[in-house]
Amino acid sequence: MKILTGLTVVLMTTFALCGPTIAQSHRVHSHRIHHDSSSDIAGEAEIRDRLNAGTIGLAGGLLEGAPIRFATEIARVVNDGGAVHVLPIVTRGPTENVNDLLYLRGVDTAIINSDSLEEYKSQVPQIQQRLTYLLSLFPSELHIFVRPEIRSLADLAGKKVNFNTQGTAAAYSGPLIFSRLGIDVDKMFIPHPVALEQMKRGEIAGVVFVTSKPVDAFVKGKWEQGFKFLPVEYGPKFEDYYLPSYLEPADYPNLVAKGERIATIAVPTILASFNWRPGSPRYRRVARFVDELFSRTDKLQAPGFDAKWKNVNLATRVPGLERFQAAQEWLDRASPTKQSEHP
């Protein structure tokens, strides 16, 4: 009993002596956990802010289209530099990208067709002041391909003409161009491969492609004599958004005779940005992107990237829009003796 009593006294004395030490240790440990947690939170916040400050949202287009491929290749090259991180975004197409650029959070730049602005003129009267362009990527040529009995654009009036599926460049630009031409056709929006077969059977009078030449369907397809492209002359009615172009024997040796070339128009596909206020955080972010992209275009023109990059000229102008200020300043620094842009 004395032994138990003595042991109890010893234990009580030990706890009494250690109590302050244990409590102090607990306070130190708690402080360390709190301090480490605060440091971790601050560190994560710093990482988050740094990543967001250097990230560019780039609205591309449909998965099967050329714009999203260009957006992905831009990201491959720009992200290598480390200063800017580009996030390509799959969207519903170049026309919808205008809407995304105007209103969607996280979208800083977008690939659009120049005539996409036409749809927004009524709802956004100052659309051409709210958007700017960084560079012209590639032209998408208008191809109006018709059956042998169709001899002119006027012959298509009232007849079935296919403009590809909704969301494509042809589905938007094609009807707009026909409206400007003053020709009312029976518009169809089915996949072009299906329409071409129907055209061969005489069920459709023509098809309209708006895409970069050459088009495989016309190069590799077998077409009877008389199937042809119709010319569209460039003029005042197309000066606001379009460029003059031609379909030539080198493009379609089986459909365009040697020594002949067929006049048409092209829709510029462009890399655009919101017209951010100079000096604002979003403006500085896009300016860094411009610097990284423009200084690496030689990499995009190397093997392994889309062949269209070889024809991209940073100085090419885009009808209907002003160039983003930082982009123009970059060009001026790169070529101080050449202040004028290429047409």
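What you are looking at is a predicted structure, and each value in this text was computed from that prediction instead of being measured.
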For F324 and Y283, take the angle between the two ring planes, folded into 0 to 90°, and tell me which bin it lands in: parallel under 30, tilted 30 to 60, perpendicular over 60.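 Judged by the thresholds at 30° and 60°, the geometry between F324 and Y283 is tilted.
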
Main chain of [Y], side chain of [X]: is a donor-acceptor contact present, judged purely on distance under 3.5 Å?
X    : Y    : answer
S273 : L131 : no
E141 : A266 : no
E292 : V84  : no
N162 : V207 : no
K299 : V78  : no
R323 : Y133 : no
N275 : T132 : no
T72  : I68  : yes
D251 : L247 : no

Any non-hydrogen side-chain atom of [X] less than 4.5 Å from a side-chain atom of [Y]?
X    : Y    : result
L293 : L271 : yes
I265 : V267 : no
L243 : P319 : yes
T316 : L135 : no
E248 : K213 : yes
E203 : E197 : no

[Y] reachable from [X] in the ILVMFWY side-chain graph, under 4.5 Å edges:
X    : Y    : result
F209 : F178 : no
V318 : F294 : yes
V286 : Y103 : yes
V185 : L176 : yes
L181 : F163 : yes

Atom [atom1] of [X] and atom [atom2] of [Y]: how far apart are they, to the nearest 0.5 Å?
X    : Y    : atom1 : atom2 : value
I183 : L156 : CD1   : CG    : 6.5 Å
I204 : M188 : CD1   : CE    : 4.0 Å
L58  : L87  : CG    : CG    : 9.0 Å
L137 : L300 : CG    : CG    : 10.0 Å
N113 : I111 : CG    : CD1   : 10.0 Å
K308 : S140 : NZ    : OG    : 8.0 Å

Kindly check if the number of other-residue, nucleotide or ligand heavy atoms within 6.0 Å of NZ (K160) is above 12? no

- Query: So with a 6.0 Å cut-off around CG of D184, is the heavy-atom count from everything else above 12?
  - Reply: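 Open: at most 12 neighbouring heavy atoms sit under 6.0 Å from CG of D184.
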
| Are the charged groups of K159 and E149 less than 4.0 angstrom apart, N to O? |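 Answer for the salt bridge query: no.
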
What pairs of donor and acceptor atoms, side-chain ones from residues 166-173 against any protein atom, are under 3.5 angstrom apart with sequence neighbours left out?
unit_1: T168; atom_1: OG1; unit_2: T165; atom_2: O; d: 2.7
unit_1: T168; atom_1: OG1; unit_2: A171; atom_2: N; d: 3.3
unit_1: Y172; atom_1: OH; unit_2: D115; atom_2: O; d: 2.9
unit_1: Y172; atom_1: OH; unit_2: E119; atom_2: N; d: 3.2
unit_1: S173; atom_1: OG; unit_2: D115; atom_2: OD1; d: 3.2
unit_1: S173; atom_1: OG; unit_2: D115; atom_2: OD2; d: 2.8
unit_1: S173; atom_1: OG; unit_2: A169; atom_2: O; d: 3.4

Pairs touching residues 93-113 that satisfy salt bridge (charged side-chain N to carboxylate O under 4.0 Å, His left out), sequence neighbours left out:
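The answer is R92-E96, D108-R282, D108-R285.
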
Please tabulate, for the side chains in residues 254-264, all donor-acceptor contacts under 3.5 angstrom to protein atoms that are two or more places apart in sequence or on a different chain.
unit_1: E260; atom_1: OE1; unit_2: A257; atom_2: N; d: 3.4
unit_1: T264; atom_1: OG1; unit_2: L142; atom_2: O; d: 2.7

Could you pull out the closest heavy-atom pair between [X] and [Y], with the gap in Å?
X    : Y    : value
V290 : A326 : CG1-O, 4.3 Å
P88  : A71  : CG-O, 3.9 Å
G60  : T91  : C-OG1, 3.7 Å

Problem set entry | ring pair (Phe, Tyr, Trp, His ring centres under 6.0 Å) partners for Y241, two or more places apart |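 Y241: no ring pair (Phe, Tyr, Trp, His ring centres under 6.0 Å) contacts found.
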
- By ring pair (Phe, Tyr, Trp, His ring centres under 6.0 Å) - contacts of F138 (at least two apart):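 Residues passing ring pair (Phe, Tyr, Trp, His ring centres under 6.0 Å) with F138: F70.
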
So, do F145 and H192 have ring centers that fall under 6.0 Å from each other?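 So the answer is no for these two rings.
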
Residues 228-239 side chain polar contacts: donor-acceptor under 3.5 Å, at least two apart:
unit_1: K228; atom_1: NZ; unit_2: R147; atom_2: O; d: 3.4
unit_1: K228; atom_1: NZ; unit_2: P148; atom_2: O; d: 3.1
unit_1: K228; atom_1: NZ; unit_2: I150; atom_2: O; d: 2.7
unit_1: K228; atom_1: NZ; unit_2: G226; atom_2: O; d: 3.1
unit_1: Y234; atom_1: OH; unit_2: Y242; atom_2: O; d: 3.3

